[in-house]
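This report refers to the structure that appears directly beneath it.
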Amino acid sequence: MQIQQLKQAIEALLFVAESPLSEQQLADHFAPENVTKKQLKDVLRELQSDYQERGVQLILVGSGYRFQTRAELGGIISRLWQEKPPRYSQALLETLALIAYRQPITRGDIEEIRGVSVSSNIMKTLQERGWIKVVGHREVPGRPQLYATTNEFLDYFSLHDLSELPAIPEPPERGSNAGQTAQIKLEITAETATNTE
Amino acid sequence: MQIQQLKQAIEALLFVAESPLSEQQLADHFAPENVTKKQLKDVLRELQSDYQERGVQLILVGSGYRFQTRAELGGIISRLWQEKPPRYSQALLETLALIAYRQPITRGDIEEIRGVSVSSNIMKTLQERGWIKVVGHREVPGRPQLYATTNEFLDYFSLHDLSELPAIPEPPERGSNAGQTAQIKLEITAETATNTE
Amino acid sequence: MSNADVTIAQQQSLPLGFVRGEPVIEKPEDLYIPPDALELILESFSGPMDLLLYLIRRQKLDIVDLPILPITKQYMEYVDMMKDLKLELAADYLVMAAMLAEIKSRMLLPRPPAEDEDEHDPRAELVRRLQEYEAIRQGAEHLDGMPQTGRDNFVAHAQTDAQELIEQQLPEVTLAELAVAFSQALAQAKLQNHHHVQREKLSTRERMSRILDLLQTKKRLRLSDIFEPKEGRAGVVVSFLAILELVKEALVEVTQVDAFSEIHVTNREQVYADSTT
């Protein structure tokens, strides 16, 4: 397959696919043509540079590559629709931030930090949007569910992975339990690593 | 509004609008920015030329402008939605197998061996697939049709002739002996006859 | 709500809360706030930690030097207002109030001089929680400020007519599956004792099919048409056996007009059809 034709095909695919396409999905798609990963990567990089200054750009988000409009054009474009995009409440944003930055985390942890019970509506909204999911249980009495963010969360915020989240201060360590906290953090990283597959 | 920004905005709009956008709709959209029809036309022409050689192209259809994939890419793109082939039923496979190994054979013969009636749908499916055909009638009351496999059947299974059909796996309870298995390859039917007697 | 009631925070990094997405901060206490507006302001706190953080920030104090006495007093004033307004969240705020009161009482108690102050500062736990809450508030602000799909950016799509090109996929069968199906069918037959299967060479059956097939198009075949010299002796034998088998099963008829004349193979159907006309 000619590189030029491959480029056109990938471009077209990304514009018609219902959801972002990962490198693996593209590789599978072009398996009959024996397209190598190297070729794919090269073409994707070329496309990203082609669209650098255009009204739409090729972005790598959580679940893969997709074309999306420039953020600066949001105001002009949203005029197309009567409805205003939803604004999320401070409570929802704090809950989401806790799950995003401190995952995996239980509802109890969230309530402790926010000092307020987490409304079921907020958890429901976050799950319905597909931004959070249960990734396991903490092995303590009651086995509370552990929440983590999803690829859809990354997609929504145009992030490729969680490391792209703007930094916030590390959680302060509990004076006497410093060692334990470090331990927990280690486990968390391991857990989230397995969740991103 | 800068012409460069207008171009980006129009490009983005055309990529997110649910349906094609006419010049008039675009003019209305950019009314707050006092964009002239002339400017619009120029930008649209420029965009059309920018996308001339790309995987998607800017096309003027009845109701306006829209981006659509290059016609030549249809085949590659359609794979995105290609579903996995369905599977045939056990009844169909057994019927086909009996026709292949025991041809020419009547539907009655198949029913007698399988102990259940053979649905007309199965025979129709196999005939539509071009794998079986009627090669004659048995001169008994009712003159039942005799079925045989076709050349398409051989082609599909990459067989030169029916003698290349694989040996029949022995039913486990028969307990096999190796010498006999070698024989099976040469005289398939002889072996199966022994099995069923 | 007008600007007379609320002003936008100027130098304080954390506003009192958000009202309709705008950061809001309270006016000095002596200024009259209409009850509606007050309710809005109080409701805009996302919880007791939010309120507490606001009170600390308002005094431009560091969280670490949590001034527990004045903060507790101010906090209680707000909670009382919330109780007056019967805000549903009051319960969570009361839990915090109890905690503040507890810390306050412990701080008022005389401490043995030997004790290590850092270790046993009753405010430590609350300070830790406030720090973590402050970090999370920052995270929430980051999230709110990040480009969001459907608000700031939109997924770009192009039209395609490629869907029309999707081929109807036919099921796939492998030879192995076919063989297994055959053995399964025969296993069925075994269960039914009355079935009788003849012993015969597969290639003979195939040749039978081919001859019957030829007879579909040509009504009669010369025997010599059936024998293919290139198949050699074995092929001729198979064809001959096939014809014999077909005759035996009464599927064809073999005719010869005169001795040594051409032998013809005719479809029994044909004979049947001819005889009825």
Side-chain angles (χ1 to χ4, degrees), chain A residues 11-12 14-20 55-57 59 61 66-75 77-78 80 84-98 100-102 110-117 155-159 165-176, chain C residues 15 17-21 44-53 63-64 88-89 91-93 95-96 99 118-121 124-163:
Chain A
E11 188 179 28
L14 290 168
F15 271 122
V16 301
E18 280 85 8
S19 46
V56 293
Q57 294 171 308
I59 310 280
V61 294
R66 77 172 179 207
F67 279 106
Q68 66 184 43
T69 61
R70 292 184 92 80
E72 309 97 90
L73 297 171
I77 294 170
S78 51
L80 265 183
K84 288 260 166 286
R87 277 206 72 93
Y88 296 105
S89 69
Q90 181 66 19
L92 181 137
L93 286 170
E94 286 177 13
T95 306
L96 181 59
L98 264 167
Y101 282 94
R102 304 291 190 238
I110 299 169
E111 293 181 341
E112 197 214 284
I113 297 168
R114 294 196 52 237
V116 64
S117 57
D155 294 352
Y156 180 82
F157 288 102
S158 302
L159 298 169
L165 275 175
I168 62 165
E170 287 291 304
E173 294 185 356
R174 284 167 205 262
S176 51
Chain C
F18 291 86
V19 174
R20 299 190 186 111
S44 69
F45 285 114
S46 75
M49 297 295 282
D50 198 10
L51 171 56
L52 205 54
L53 201 59
I63 293 172
V64 189
E88 283 184 23
L89 288 173
D92 288 316
Y93 288 86
V95 174
M96 175 63 72
M99 187 192 211
D118 284 347
E119 274 283 320
H120 293 91
D121 187 337
E125 173 61 13
L126 185 58
V127 166
R128 187 192 68 79
R129 284 179 57 190
L130 276 166
Q131 283 174 326
E132 173 63 346
Y133 178 70
E134 192 181 31
I136 289 309
R137 271 203 62 133
Q138 239 183 70
E141 270 174 57
H142 286 320
L143 289 181
D144 201 33
M146 281 162 62
Q148 292 173 31
T149 307
R151 186 186 79 176
D152 307 295
N153 54 51
F154 301 85
V155 178
H157 282 296
Q159 290 299 308
T160 185
D161 49 11
Q163 265 111 336

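Since this is a predicted model, take the numbers as computed values, not measurements. Below, read A as the first sequence line, B as the second, and so on, with proteins coming before strands; counting in each chain starts at 1. Worth knowing before you read on, the calculation uses all heavy atoms, side chains too, and leaves out hydrogens, waters and symmetry mates.
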Bottom line for A:V16: the part with an atom under 4.5 Å from chain C's heavy atoms is both
Can you name the side-chain contact (heavy atoms from CB on, under 4.5 Å) partners of A:P20, sequence neighbours left out? A:V61, A:S63, A:R66, A:D155
For A:G115 versus C:P48, what's the shortest heavy-atom pair and its separation? O-CG, 2.8 Å
Atom CD1 in A:I113, atom CZ in C:R137: separation rounded to 0.5 Å? 14.5 Å
Name the region of A:F157, side chain, backbone, both or neither, that has any atom closer than 4.5 Å to a heavy atom of chain C. both
Given a strict heavy-atom distance threshold of 4.5 Å, which part of A:I59 is in contact with chain C: side chain, backbone, both, or neither? neither
Shortest non-hydrogen pair, A:V56 vs C:A156, comes out as CG1-CB, 3.7 Å
I'd like to know if the side chain of C:R151 and the backbone of A:G74 have a donor-acceptor N/O pair within less than 3.5 Å. no
With heavy-atom distances below 4.5 Å as the criterion, would you say the side chains of A:L165 and C:L143 are in contact? yes
Does any heavy atom of chain C fall under 4.5 Å from the side chain of A:A12, the backbone, both, or neither of them? neither
Minimum-distance pair of heavy atoms, taken over all atoms of C:M146 and A:P166: SD-CD, 3.7 Å
Can you tell which part of A:L159 gets under 4.5 Å to a heavy atom of chain C, answering side chain, backbone, both or neither? side chain
Atom pair OH (A:Y101) and CD (C:Q138), whose distance is rounded to the nearest 0.5 Å: 8.0 Å
Restricting to side-chain contact (heavy atoms from CB on, under 4.5 Å), what partner residues turn up for C:Q131, sequence neighbours left out? A:P172, C:I63, C:V64, C:V127
Would you check if C:N153 and A:Q57 make a side-chain contact, meaning some heavy-atom pair closer than 4.5 Å? no
Among the listed options C:M99, C:M49, C:Q159, C:M96, the residue most often paired with chain A at heavy-atom distances under 4.5 Å: C:M49
Roughly how far, to the nearest 0.5 Å, is the CD atom of A:E94 from the CG atom of C:D144? 11.0 Å
Under a 4.5 Å heavy-atom cut-off, does chain C meet the side chain of A:Y156, its backbone, both or neither? both
For the side chain of A:R114 and the backbone of C:S46, is there at least one donor-acceptor N/O pair under 3.5 Å apart? yes
A:L93 CG to C:I136 CD1 distance, which is reported to the nearest 0.5 Å: 12.0 Å
What's the spacing between C:F45 CZ and A:Q90 CD if we round to 0.5 Å? 11.0 Å
Looking only at heavy atoms, which two atoms of C:G150 and A:P85 are closest? And how far apart? O-CB, 3.5 Å
